[in-house]
2 protein chains.
Amino acid sequence: MAGFSRFLAVLRLFTDSASAWSVPDMADALGVPASTAYRTVRDLVAAGFLEAAQDGAYRLGPAFIEYDRLLRMTDPLVHAGAGALRDVVMQAQTPCVALLSRLYNDQVMCVADEAARETVFRSSYERGRPMPLVQGATSKIILAHLPARQLNRLIGAPKSAPVNDALRRELAEIRRRGYCATASEIDPGLAGIAAPVIVREAGIFASLSLVADDSRLDESQRRRLVLLVVSAASLVSEELRHRHIPPPLHTSIRSVK
Amino acid sequence: MAGFSRFLAVLRLFTDSASAWSVPDMADALGVPASTAYRTVRDLVAAGFLEAAQDGAYRLGPAFIEYDRLLRMTDPLVHAGAGALRDVVMQAQTPCVALLSRLYNDQVMCVADEAARETVFRSSYERGRPMPLVQGATSKIILAHLPARQLNRLIGAPKSAPVNDALRRELAEIRRRGYCATASEIDPGLAGIAAPVIVREAGIFASLSLVADDSRLDESQRRRLVLLVVSAASLVSEELRHRHIPPPLHTSIRSVK
DNA sequence: GTCAATATTCTCATTTTATGGGAATGAGAT
DNA sequence: ATCTCATTCCCATAAAATGAGAATATTGAC
């Protein structure tokens with residue numbers, strides 16, 4: 001291991017349950033000499049990706065907040081979706097959480113969320129938290145719209161993984177239907193309603209979804225929310241498609257100031 | 001330039017106004033050969049810090065969202081302050097934005113913000129955006145509570161920078177008063193009210209502040225909000241002080257699972 | 001205050017890796 | 001087909017990271 005990966009390795013030590021590390025402990029955990037660990041940490045601190053807590057402990061640094069804002073302001077999906085999420089929770093007229101989620105390596109991650117005012121429950125899906133690929137409406141609707149090649153890479157080709165044939169049939173059915181509604185697949189008692197946000201030409205495979213208390217939903221409510229989610233997802237997709245300007249030919253591209 | 005700094009240099013290219021870059025343009029801007037730029041970008045993409053947009057353009061990657069969540073969940077200041085901000089905007093009973101801000105290199109950066117329901121204006125202070133050090137209540141109240149050595153480093157020692165003597169007197173007065181109220185220093189028409197969140201033993205130099213429409217504030221309003229901000233800041237400080245557990249002696253520290 | 005135990009930084013010879021020039025390949029456009 | 005530019009590949013070289021251990025700084029114990 002060397003170079004860049006040393007920095008990544010240090011950052012990966014930081015998790016929900018281990019949020020502060022001393023340098024000797026990092027060196028231990030990574031199996032590198034102390035001098036190397038001190039140097040790596042010093043560089044990360046200088047860059048703002050780590051920061052000294054107290055008593056020789058280090059925690060994640062404020063540079064992540066800065067880059068996160070930059071991403072929120074400039075990422076097409078996040079930027080286009082955030083407004084839609086606000087509209088959705090307003091129009092839902094019930095305690096709920098609206099999510100915008102996308103593929104992230106071999107998981108699904110929410111990139112924007114918005115809770116209605118009076119929402120008391122919390123969804124496991126929350127901005128920045130990687131979630132399983134094959135559970136929950138939010139994830140399934142994305143899987144259902146993936147190109148065959150990419151899906152095979154994630155769940156195995158039909159021949160090599162016939163165990164997934166049932167899943168494949170389920171995904172085909174979801175794609176046909178155009179939305180996905182589940183209940184208690186991730187959080188007991190919570191229902192998920194998700195619609196696809198797919199813009200192939202921009203490489204966007206995402207979903208817009210709503211999480212609400214399942215016991216509060218009667219059939220007409222559910223139908224109304226499905227409609228709300230599906231149309232919001234279409235709006236976001238359209239906006240993204242519209243933004244996707246084919247670049248001028250034979251010219252390097254760069255964002256205009 | 002080499003090693004880690006090459007990665008930093010690439011990331012620093014991404015700004016509000018230049019949010020998508022092609023690799024040749026990056027190579028140009030950094031003055032490095034194309035082959036080097038391609039390799040650097042490939043590594044950053046693999047780590048999730050960049051991601052391919054369309055047509056050879058790259059944008060910031062979802063890893064920043066993931067680390068930002070981790071920080072929100074685990075950073076003592078953000079975690080303790082977020083709840084307080086919600087309380088503040090609720091109790092303010094007027095359109096406003098509450099901010100939690102801190103030193104970040106030689107600037108001040110908001111690390112958590114919360115807007116009241118009906119707030120229409122936007123403050124220039126927003127989560128993740130570095131702001132000037134010596135303007136606005138949010139920043140000044142932090143400066144006013146910095147140890148002398150650190151203040152000198154930021155604005156120059158009294159002898160070498162006598163031009164700042166007026167500022168020094170202003171800061172001393174602010175410290176004496178315990179809060180700072182300004183108007184139109186950053187955004188025309190907006191007023192800022194800030195109180196310190198200082199926990200020296202934990203290395204925390206921050207502020208809790210409220211931004212509201214200046215023309216809507218009469219004297220009694222203003223007094224009420226000052227009280228609100230000051231007491232909220234005290235609560236946050238107390239919570240942080242309480243959390244600061246002196247580590248066990250002669251033992252390496254590590255967050256408990 | 002001294003002492004002892006760690007934490008942290010420093011040094012430097014060595015190994016490892018990144019570097020970048022250029023060739024090779026690919027993808028469009030004409 | 002041919003031109004242009006994007007992208008990858010190759011490899012000798014230069015450069016930088018590495019790590020063992022020494023040197024120094026901190027810190028608590030006493």
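Computation of the quantities below employed the complete heavy-atom set of this structure, encompassing side-chain atoms and omitting hydrogens, waters and symmetry-equivalent molecules. Quick note on labels: first sequence line is chain A, next is B, and so on, each numbered from 1.
Across the interface with DNA chain C, nearest-nucleotide mapping of A/V23 and A/F4 shows A/V23 to be the residue nearer the 5′ end.
Considering every non-hydrogen atom in both B/G178 and B/V230, the closest pair reads O-CG2, 4.4 Å.
Rounded to whole angstrom, the span from the CG atom of A/D55 across to the P atom of C/dT6 amounts to 17 Å. Across the protein-nucleic acid pair, A/R39 atom CZ and C/dT9 atom C1' stand 10 Å apart, rounded to whole Å. Atom CG in B/D43 sits roughly 12 Å away from atom P in D/dT8 (whole-Å rounding). When rounded to the nearest whole Å, the span between CG of B/L30 and C1' of C/dG20 equals 15 Å. A straight line from CG of B/D25 to P of D/dT7 spans 10 Å, rounded to a whole angstrom. A straight line from CD of A/Q54 to C1' of D/dT26 spans 17 Å, rounded to a whole angstrom. Rounded to a whole Å, the CZ atom of A/R42 is 17 Å from the P atom of C/dA7. The CG-C1' distance, from B/D28 to D/dC5, rounds to 13 Å in whole Å.
Considering only side-chain atoms of B/P33, the nucleotide from C/dG20, D/dT7, D/dG19 that sits closest is C/dG20. Among the nucleotides D/dG19, D/dA6, C/dG21, the one closest to any side-chain atom of B/S35 is C/dG21.
Remark: B/T36 is not in phosphate contact with C/dT19, judged by side-chain N or O atoms under 4.0 Å from OP1 or OP2. The shortest distance between the side-chain N/O atoms of A/Y38 and the OP1/OP2 oxygens of C/dT9 is not below 4.0 Å. Here B/R6 reaches the OP1 or OP2 of C/dG20: one of its side-chain N or O atoms lies under 4.0 Å away.
One distance of note links CD of B/E239 with CG of B/L235; it measures 8.5 Å at 0.5 Å rounding.
End-to-end axis angle for the helix from C/dG1-D/dC30 to C/dT30-D/dA1, using five pairs per end and rounding to 10°, comes out at 50°.
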Side-chain donor-acceptor pairs of residues 65-74 of chain A under 3.5 Å, sequence neighbours excluded:
| unit_1 | atom_1 | unit_2 | atom_2 | d |
| --- | --- | --- | --- | --- |
| A/E66 | OE1 | B/Y104 | OH | 2.8 |
| A/D68 | OD1 | A/R127 | NH1 | 3.0 |
| A/D68 | OD1 | A/R127 | NH2 | 3.1 |
| A/D68 | OD2 | A/R72 | NE | 3.1 |
| A/D68 | OD2 | A/R127 | NH1 | 3.3 |
| A/R69 | NE | B/E126 | OE2 | 2.7 |
| A/R69 | NH2 | B/E126 | OE2 | 3.0 |
| A/R72 | NH2 | B/R127 | O | 3.3 |
| A/T74 | OG1 | A/L70 | O | 2.7 |

Which donor-acceptor pairs under 3.5 Å do side chains of residues 130-152 of chain B form with protein atoms, sequence neighbours excluded?
| unit_1 | atom_1 | unit_2 | atom_2 | d |
| --- | --- | --- | --- | --- |
| B/T138 | OG1 | B/S209 | OG | 2.7 |
| B/S139 | OG | B/Y125 | OH | 2.7 |
| B/S139 | OG | B/P132 | O | 2.9 |
| B/K140 | NZ | B/E170 | OE2 | 2.8 |
| B/K140 | NZ | B/E185 | OE1 | 3.1 |
| B/K140 | NZ | B/E185 | OE2 | 2.7 |
| B/H145 | ND1 | B/I141 | O | 2.9 |
| B/N152 | OD1 | B/R168 | NH1 | 3.4 |
| B/N152 | OD1 | B/R168 | NH2 | 2.8 |
| B/N152 | ND2 | B/A148 | O | 3.3 |

Apply the test salt bridge (charged side-chain N to carboxylate O under 4.0 Å, His left out) to residues B/R169 and B/E173: give CA-CA distance (whole Å), side-chain angles for both, the deciding distance (0.1 Å), then the verdict.
CA-CA 6 Å; B/R169 275 191 298 276; B/E173 170 63 13; over 6 Å; no
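Ring planes of B/F64 and A/F64: tilted class, angle from 30 to 60°.
Using a 4.5 Å heavy-atom threshold, the side chains of A/V32 and A/R6 count as touching.
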